[in-house]
Amino acid sequence: MSNTRQAEASSRWRAPVIFLIIVALFVLEGTTRNALFSGSWNSALAILNMGLISAVMALGVNMQWGYAGLFNAGVVGFLALGALGPVLVSTPPVQGAWAAGGMRVIVALVVGLGTLALATQVWKRVAAPISFFVMPLVLLVGFVLYRYLFDPAVMAIEANNAASAGNIGGLGLPVLLAWPVGAALAAAAAWGIGKVALGLRSDYLAIATLGIGEIIVAVLRNEEWLARGVKNMSGIPRPVPYELDLQSDPDFVAKAAHWGVDIATASGIWVKLMYAGLFGLVLLALILLAELALKSPWGRMMRAIRDNETAASAMGKNIKGRHLQIFVIGSAVIGLAGAMMVTLDGLLSPGSFNPLRYTFLVWVMVIVGGSGNNWGSVLGAVLIWFLWIKAEVWGPELMSLLTAPLPDGALRTHLLESAPHMRFVAMGLVLLLVLRFAPRGLVPEK
Amino acid sequence: MSQPYLSATAMRGGYGKADILNGCTLTVDQGQIAVIVGPNGAGKSTAMKAVFGMLNLREGAVTLGGEDITRLTPQERVHKGMGFVPQTHNIFPTMTVEENLEMGAYIRGDDYRETMEQVYHLFPAVADKRRQNAGELSGGQRQQVAVGRALMTKPRLLMLDEPTAGVSPIVMDELFDRIIEVARTGISILMVEQNARQALEIADIGYVLVQGANRYTDSGKALMADPEVRRTFLGG
Amino acid sequence: MDFLNAIVALLNFVVIPAAAYGAQLALGALGVTLIYGILRFSNFAHGDTMAFGTALVIIVTWGLQALGISLGPLPTALLALPIGIALCSAFVLGTDRVVYRFYRKKKSEPIILVMASVGVMFVMNGVTRLLIGVDEIRFDDGARFLIAVQDFKTWTGLNEGLALRVSQVITFVVTALACWALFRFLNRSRAGKAMRAYADNEDLALLSGIDPERVVRLTWIIATALAVTAGTLYGLDKSFKAFNYFQILLPIFAAAIVGGLGNPLGAVAGGFIVAFSEVAVTYPWKKVAAYLGFQSDGLLQLLSTEYKFAVSFVILIIVLLFRPTGLFRGKAY
């Protein structure tokens with residue numbers, strides 16, 4: 001018994017200790033200039049901002065995995081859908097795009113979704129032998145009609161000012177309004193996939209989400225009418241001032257001079273600090289909500305289901321329904337992170353949505369941080385993100401140290417060139433080691 | 001008379017901290033049919049698993065043919081001449097009947113074809129289906145395959161955990177007939193049974209267990225005749 | 001004549017490429033399904049095992065080429081394949097020893113093993129990048145075509161040409177041999193039957209004296225051999241790019257699930273079902289339709305090739321909705 005109490009006592013200090021370690025790392029990055037750290041606050045804050053967004057992603061994944069034991073292998077897809085939110089809501093409208101085919105595209109999408117809904121109803125309502133013929137017929141007719149409406153509309157939109165636009169354009173609304181929209185888009189996709197894959201073996205959900213993730217990314221890459229595809233969508237508006245505007249603002253110039261920092265650095269740091277404040281607020285609000293939910297009867301039920309599905313099901317709990325809820329909510333949080341990410345970048349570049357980076361790295365964050373513990377996931381996310389970014393620098397440094405005795409030649413060059421890839425090995429090892437030796441993570445669930 | 005072929009004496013043990021077996025003793029002679037009966041939760045299956053080494057004993061000893069096997073693993077006991085037929089999941093469903101028997105003979109290095117013919121001779125119904133997947137057979141035939149699989153190692157002691165659970169009365173009679181036939185070849189049988197009456201009818205020796213300890217031990221016929229046993233355990 | 005042209009076009013653009021792709025998927029899905037049947041988890045590292053093994057094969061191929069060894073008209077990679085399989089198997093057995101065995105002994109939930117396989121996937125992905133980089137690599141030497149388009153046109157006098165690449169023929173032959181050997185092994189040999197018995201009923205297999213660790217080792221070796229073969233054939237047929245091997249994981253899983261996870265015959269069938277659907281749905285049917293007398297303005301392409309993974313996904317969803325155990329009744333419990 002004394003053992004457990006000891007463990008509890010030590011775990012109470014774990015979160016603050018890890019928090020201090022993270023703070024120390026960021027301070028070092030901001031102040032010290034050597035082989036390991038850049039000594040630039042701009043760099044430190046840039047890592048911090050993306051770290052905060054990663055923390056939101058990790059929160060979403062932690063809800064699904066930590067609360068309900070659901071393995072979502074399509075994080076990148078829900079993130080990408082969330083990223084679509086700001087593009088559709090807050091980028092300026094494209095002249096002539098809606099006239100060219102906007103309504104037709106919407107009608108086509110409605111026809112497409114209607115076909116699926118109708119096919120489902122046919123399958124449910126029509127008796128067995130007839131439905132075998134009717135349902136495929138419905139799907140076929142619906143598909144032909146959809147393509148008949150969709151293709152010319154898309155051609156028209158993409159032909160509209162193809163060089164600089166060619167997309168449907170946004171509504172020109174404030175970008176913060178787009179964040180919930182991004183979350184809602186991800187939630188809708190999660191509802192669809194959850195309906196199908198929940199209630200089956202746990203790895204089926206993993207495989208199905210792996211698929212939906214790849215498809216969503218493929219849609220963003222190829223549907224140029226939607227967000228310009230691989231041509232990238234830039235100029236997503238910001239909720240904070242632009243550096244250039246600050247630099248021409250006499251008040252700010254005066255303040256920078258007062259602090260004794262040159263104006264370029266000062267404006268960069270100021271903007272990043274504002275972002276950090278904004279993201280921090282969102283993160284804190286999410287943690288607060290998540291903790292409240294976890295302590296509510298609903299949260300207790302979720303954990304009861306996770307810990308013993310059979311018993312919970314025997315008590316009459318609707319497990320599939322609860323799982324669907326948590327899956328949708330978690331995906332919405334991931335979508336929100338996606339919207340935040342494109343807002344920070346000011347750019348949507350679907351070419352960069354890589355599942356290793358945006359699905360499996362987030363998983364490493366959650367497992368390392370402590371699945372089931374919101375604070376753990378958040379700390380894990382910021383820590384792993386910091387290490388991930390810095391490992392790209394540290395890998396080659398380490399390699400050049402290791403290969404220093406080697407003569408200059410093809411082998412040494414190859415090793416040095418491929419050293420940045422070492423971080424994949426490192427992350428895999430971190431995941432495996434934590435899973436094996438500290439399966440409850442750095443900050444275990446209470 | 002010499003020592004019985006199987007002798008498990010004063011067994012104590014369980015899965016967790018609480019003991020399920022409280023000084024249970026079971027002995028079977030060469031070619032004898034021994035049946036364990038008793039109310040639910042009496043530790044019947046546990047006693048058999050203890051004999052087979054699937055449960056660690058705190059006290060007591062198991063000897064087979066005079067050799068102490070208390071510390072051996074189930075696999076090692078199979079080598080020593082024990083055969084075990086679990087109550088459920090006792091066949092390889094997607095493998096053919098013949099392959100099931102082959103897997104039964106997996107630990108044998110010698111030619112097992114003769115044993116296989118003997119098994120087919122004993123169970124003609126499954127012999128006809130030797131190329132069919134065992135999972136596609138009827139419940140009774142599956143049990144025959146399961147018994148046949150255990151016989152492939154040429155055991156001297158065959159243990160059956162509720163072999164007639166979930167089969168129809170006709171199939172049950174058929175199965176008991178086969179078990180008598182197996183015993184006639186000199187193989188000792190130790191069997192746990194829910195259908196106490198029918199099982200005691202064919203039993204040379206019957207054990208009535210209550211709360212992990214022997215309550216009555218006698219020949220099957222004598223137990224059937226005992227009014228106390230009849231009233232308490234056989235439903236009048 | 002037009003009818004013949006239509007058939008040739010169909011063969012050239014749909015049947016032959018889909019059959020080759022299907023064979024590669026089948027080999028990959030066999031590995032996934034064997035691991036699922038014996039070790040009872042979906043191995044997310046399978047795609048990266050294919051990539052890592054193929055990278056080893058490529059490096060050995062380069063070595064052999066540097067030594068001046070070649071197979072004449074056949075690609076040198078075939079000679080390097082056994083070495084690549086041996087090296088990759090050693091690595092995979094190492095991962096089993098240091099990663100999976102622990103969870104197996106502890107009887108962890110399958111999803112924990114899946115998570116561990118994600119860790120292994122990262123490591124293998126990184127090692128592959130370290131070894132060979134992320135760029136596209138072509139490593140097919142020897143003859144390119146068994147039948148070239150021009151030759152076919154001259155021989156037959158048809159408008160449509162038919163090409164049969166050496167890599168495709170090798171894919172068919174090697175896949176047929178591998179499947180034949182595998183099914184013979186599983187159905188005839190003692191070790192193969194022990195593997196099936198273990199997959200069927202673990203406890204009874206233990207009772208029967210089957211050594212579980214031996215079965216597990218054998219499973220990893222066979223699955224790795226199939227994965228490296230599939231990866232090498234895929235690389236010869238198209239090209240080697242590590243990321244493509246990660247992406248092929250989805251069609252491979254789809255194939256294994258369509259056939260019924262844990263069912264080897266199903267995995268082979270599933271591979272071809274997924275491949276033919278994928279090619280048929282993404283092929284522009286305009287040309288074939290024109291030969292058959294239907295002129296069309298559009299391409300008659302159901303889905304653009306960028307969405308080929310959507311086909312695997314839709315098949316996967318249909319199977320999960322209507323028959324989660326797969327067409328051939330796997331073990332989805």
Side-chain angles (χ1 to χ4, degrees), chain A residues 65 69-71 73 123 143 147 151 192-193 195-197 199-208 210-215 217-219 221-223 229 354-356 359-361 363-364 367 371 414-415 417-436 439, chain C residues 36 40-45 95 98-99 102-103 108-116 118-134 243 246-247 249-251 253-254 256-257 261 298 302 304-310 312-314 316-318 320-322 324 332-333:
Chain A
W65 171 249
L70 303 175
F71 187 168
W123 186 255
F143 183 74
R147 288 288 297 264
D151 289 2
I193 194 74
K195 269 288 201 194
V196 177
L200 296 166
R201 265 190 62 103
S202 50
D203 7 7
Y204 280 8
L205 179 71
I207 295 169
L210 182 76
I212 195 78
E214 284 193 31
I215 288 168
V217 172
V219 167
R221 279 189 193 148
N222 296 299
E223 297 300 314
N354 177 333
L356 275 176
T359 297
F360 296 108
L361 191 67
W363 271 99
V364 176
I367 301 289
S371 39
H414 174 78
L415 285 174
E417 272 174 5
S418 50
H421 299 311
M422 267 169 52
R423 60 180 178 165
F424 288 90
V425 182
M427 281 304 141
L429 289 178
V430 165
L431 176 62
L432 288 173
L433 289 172
V434 170
L435 212 54
R436 167 95 184 242
Chain C
Y36 184 88
R40 295 182 168 76
F41 74 98
S42 308
N43 183 13
F44 270 64
T95 64
V98 299
V99 180
F102 172 76
Y103 301 102
S108 296
E109 298 259 326
I111 202 74
I112 301 295
L113 282 150
V114 173
M115 199 71 75
V118 168
V120 172
M121 177 186 88
F122 257 103
V123 172
M124 286 189 118
N125 190 289
V127 174
T128 311
R129 284 158 177 261
L130 284 176
L131 274 179
I132 210 161
V134 288
F243 187 66
F246 171 80
Q247 286 199 312
L249 197 59
L250 181 64
F253 274 138
I257 291 179
L261 268 174
L302 289 173
S304 76
T305 39
E306 287 84 7
Y307 292 127
K308 57 182 181 183
F309 292 117
S312 320
F313 182 73
V314 169
L316 183 74
I317 292 296
I318 292 173
L320 290 187
L321 276 177
F322 297 111
Y333 41 72

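So you know, we letter chains A, B, ... as the sequences are listed, proteins then strands, and number each from 1. Keep in mind that what you see is a predicted model, and the values were worked out from it rather than measured.
Considering CG of C:N125 and NE2 of A:H421, their distance stands at 9.5 Å, rounded to 0.5 Å. Separation of atoms CG (C:L320) and CG (A:L205) is listed at 10.0 Å; rounding is to 0.5 Å. The CG atom of A:D203 lies 10.5 Å from the CD atom of C:E109; values are rounded to the nearest 0.5 Å. Atom CD in C:Q247 sits 9.5 Å away from atom CG in A:L210 (nearest 0.5 Å). Taking CD from A:E223 and OH from C:Y307, the interatomic distance works out to 3.5 Å, rounded to the nearest 0.5 Å. Rounding to the nearest 0.5 angstrom, the gap separating the CG atom in C:L261 from the CD1 atom in A:I207 is 6.0 Å.
Checked against a 6.0 Å centroid threshold, the rings of C:F253 and A:Y204 do not count as neighbours. Between A:W363 and C:F122, the gap from one ring centroid to the other reaches at least 6.0 Å.
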Stepwise side chain to side chain contact (heavy atoms under 4.5 Å, CB included) test for C:F313 and A:I193: CA-CA 11 Å; C:F313 182 73; A:I193 194 74; 3.3 Å; yes

CA sep, side-chain torsions, deciding dist, call: C:V98, A:R436, side chain to side chain contact (heavy atoms under 4.5 Å, CB included): CA-CA 10 Å; C:V98 299; A:R436 167 95 184 242; 5.5 Å; no

A:E214/C:F246 under side chain to side chain contact (heavy atoms under 4.5 Å, CB included): CA gap, chis, key distance, verdict: CA-CA 11 Å; A:E214 284 193 31; C:F246 171 80; 4.3 Å; yes

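Shortest non-hydrogen contact noted between A:H414 and C:L130 is NE2-O, 2.9 Å. Closest approach of C:M115 and A:L431 over heavy atoms only: O-CD2, 4.0 Å. Here the closest non-hydrogen pair linking A:A206 and C:F44 is CB-CZ, 3.7 Å. The nearest pair of heavy atoms linking A:F71 to C:V118 is CZ-CG2, 3.9 Å.
A heavy-atom distance below 4.5 Å is not found between the side chains of A:L435 and C:V99. A 4.5 Å side-chain heavy-atom check between C:F243 and A:P355 finds at least one atom pair inside the cut-off.
In this structure, no portion of C:M124 lies under 4.5 Å from any heavy atom of chain A. Proximity to chain A (any heavy atom under 4.5 Å) is shown, for C:V120, by both the backbone and the side chain. Residue contact with chain C, scored on non-hydrogen atoms closer than 4.5 Å, involves the side chain of A:I367 exclusively. Only the side chain of A:R147 comes within contact range of chain C, with heavy atoms under 4.5 Å apart. Proximity to chain A involves both the backbone and the side chain of C:I317, based on heavy atoms less than 4.5 angstrom apart. Looking at C:L131, only its backbone comes within 4.5 Å of chain A, counting heavy atoms on both sides. The contact between A:A73 and chain C is made entirely by side chain atoms (from C-beta outward), counting heavy-atom distances below 4.5 Å.
Ranked by heavy-atom pairs shorter than 4.5 Å toward chain C, the options A:I212, A:L429, A:V364, A:N354 are led by A:I212. Heavy-atom pairs under 4.5 Å with chain C were tallied for A:V430, A:L200, A:D151; the largest tally goes to A:L200. Between chain C and the residues A:L415, A:V196, A:N222, the most heavy-atom pairs under 4.5 angstrom are made by A:N222.
Panel note: side chain C:R129, backbone A:A419; no donor-acceptor pair is recorded below 3.5 Å.
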